[in-house]
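Below is one structure, written out as structure tokens; the observations come after it.
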Amino acid sequence: MFKRILSFLFLCIALNSASAQTLGGSSIYSFLKLNASPQSGSLGGRNVSAIRSELGMLNENPALLSKTHHAQVSANFNFLAPGITGFYGLGAYHVEKRDINLALGVMHVQYGQQDQTDASGNSLGVFRAFDQMISVSASGTYSKKWQYGVTLKAVQSAYGPYRSLGLAGDVGLSYWDEEKKFRAGFSSRNMGSQLTTYAGKGEDLPFDLVLGISKELEKAPIRFSITAQRIHQFDILYNDTLFTNENYGVSNPKSFLGKLISHFVLGTELLVGDKITVSAGYNILRSQELRIRNIASGLTGFSYGIQLKLKRFDFNLARSQYLSSLSLNQVSINMKLKP
């Protein structure tokens, strides 16, 4: 059974990585790349190996869905900029007879109200733009330390009169060694294609291969994680040479080291007793791409958050810095329907 799962996983990866070679904003359904949960956001925006993962983390790796999430619901709220908000809701259930975990999710990203004009600039009224996703996830265990999962997504985008439908899927693996407090995770995200296009031309989905490890120290209440994103491509830095040359007169060449480290996302968690966890992360790719030359970048690429655990509720707050004047703020509430 496990060999069949691995064969299917690598077949999906091969089929998608052969065509998914997009950089920057050149893929459709870019909202699928957003980190939907505060826990992921506070750890740098990508994490597939969180040792204690909230329900919303299955958006990063479906293999993180476990029986500990039984009878839980999660509401995740994302505030990226004025007028741009997102919601990600989930519910999970463990089927005892089959020993599988199921989850149903819905995501909605609203971009607010926009003015609509013709080619001459004449007003035609207003329109609303949004992205939506409905997902179904399932996970199971193999042996005592391995877990696998899959998520199927139905995606819809609507920008005024332009609409598109698509299907996508995630598959993931997780290895958990409880004695050593070590977890490794792997996820192949956003495999699929469009069913209907905006204007008759198909576009690539934001396919991503992510690999990560997390370790909790034995004699200190600290967890560390390192995650490598988009490992199917070596050069993932987007460099607008035309903009750079026009504004700064010269483009900096991309070095081998810069291309290599741009894949990594670093995260750490400090356990303050049993109730509070303080997190911080650093996304190197985000820092490199959003840094403005000759201007202090501040905390660009950094993120931080806090988690409060109560008897039946978990609260999460996170803030991810994109620019000195723009940050992603996230809030989530996780509730156990059964004690």
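Note that the structure is a prediction, hence the values are computed from the model and not measured. Note that these values count all heavy atoms, side chains included, but never hydrogens, waters or copies made by symmetry.
Here ring-ring contact (aromatic ring centres under 6.0 Å, His included) pairs that include residues 149-170, with residues two or more places apart or in two chains, are Y159-Y198. Under the ring-ring contact (aromatic ring centres under 6.0 Å, His included) criterion, the residue pairs touching residues 268-289 are Y282-F302, with sequence neighbours excluded.
Using a distance-only test at 3.5 Å, with no hydrogens or angles considered, no donor-acceptor pair links the side chain of N61 to the main chain of G185. Of the possible donor and acceptor atoms, one in the side chain of S139 sits under 3.5 Å from a partner among the backbone N and O of L65. Side-chain atoms of H263 come within 3.5 Å of backbone N or O of F234 as a donor-acceptor pair. Listed for the T268 side chain is a donor-acceptor partner under 3.5 Å among the backbone atoms of R223. In this structure, Q330 contributes its side chain and N35 its backbone to a donor-acceptor pair below 3.5 Å. Checked by atom type and distance alone, the side chain of Q114 pairs as donor or acceptor with a backbone atom of Y111 at under 3.5 Å. S143 places no side-chain N or O within 3.5 Å of a backbone atom of W146 that could act as its donor or acceptor partner. Side-chain atoms of S303 come within 3.5 Å of backbone N or O of S42 as a donor-acceptor pair. With hydrogens and angles ignored, the 3.5 Å screen pairs a side-chain donor or acceptor of S37 with a backbone N or O of S40. Proximity of a side-chain donor or acceptor of S174 to a complementary backbone N or O of L64 within less than 3.5 Å is not detected.
In terms of heavy atoms, S30 sits closest to S27 at OG-O, 3.2 Å. Of all heavy-atom pairs spanning S327 and Q321, the tightest one is CB-OE1, 3.8 Å. Minimum interatomic distance between L205 and A168 (heavy atoms only, all atoms of both residues): CD2-CB, 3.6 Å. Scanning both residues, L323 and L290, for their nearest heavy atoms gives CD2-O, 3.5 Å. In this structure, G44 and R286 approach most closely via the heavy-atom pair O-NH2, 3.6 Å. Between Q147 and A63, the shortest heavy-atom distance links the atoms NE2-O, 3.2 Å.
Contacts of Y322 classified as side chain to side chain donor-acceptor pair (under 3.5 Å), with partners at least two apart in sequence or in another chain: none. For N76, the side chain to side chain donor-acceptor pair (under 3.5 Å) partners are S74, not counting sequence neighbours. Judged as a side chain to side chain donor-acceptor pair (under 3.5 Å), and not counting sequence neighbours, Q288 has no contacts. The side chain to side chain donor-acceptor pair (under 3.5 Å) test applied to H70 returns no partner, not counting sequence neighbours.
Proximity of the aromatic rings of Y148 and F186 is defined here by a centroid distance below 6.0 angstrom, and this criterion is not met. Ring pair Y93/H69: centre-to-centre distance not below 6.0 Å.
Side-chain contact between L310 and L308 is present, with heavy atoms from C-beta onward closer than 4.5 Å. Proximity of V109 to M133: side-chain heavy atoms (C-beta onward) are nowhere separated by under 4.5 Å.
Note on E60 versus R46: salt bridge recorded, some NZ/NE/NH1/NH2 to OD/OE distance being below 4.0 Å. Classification of D177 and K145 as a salt-bridged pair holds, one side-chain N sitting under 4.0 Å from a carboxylate O. The existence of a salt bridge linking R52 and E54 is confirmed by a sub-4.0 Å separation between a basic side-chain nitrogen and an acidic carboxylate oxygen. Salt bridge annotation for R230-D208: absent, with no cationic side-chain nitrogen under 4.0 angstrom from a carboxylate oxygen.
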side-chain hydrogen bond (donor to acceptor under 3.5 Å, both in side chains) between D314 and Q72: does it pass, once the steps are laid out? CA-CA 11 Å; D314 291 350; Q72 287 190 24; over 6 Å; no
Under the side-chain hydrogen bond (donor to acceptor under 3.5 Å, both in side chains) rule, what do S49 and R183 come out as? Steps first, then yes or no, please. CA-CA 6 Å; S49 59; R183 186 190 293 275; over 6 Å; no
Would you sort out whether K153 and N190 count as a side-chain hydrogen bond (donor to acceptor under 3.5 Å, both in side chains), showing the intermediate values? CA-CA 9 Å; K153 310 172 184 177; N190 302 321; 2.8 Å; yes
Check step by step if side-chain hydrogen bond (donor to acceptor under 3.5 Å, both in side chains) holds for Q194 and S164. CA-CA 7 Å; Q194 289 177 279; S164 176; 3.0 Å; yes
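Within 6.0 Å of the CG atom in N122, the count of heavy atoms belonging to other residues, nucleotides or ligands exceeds 12.
Aromatic ring pairs are classed by plane angle as parallel below 30°, tilted from 30° to 60° and perpendicular above 60°; the pair F31 and Y29 is perpendicular.
Hydrophobic clustering (side-chain heavy atoms under 4.5 Å, transitive across Ile, Leu, Val, Met, Phe, Trp, Tyr) keeps V272 apart from I51.
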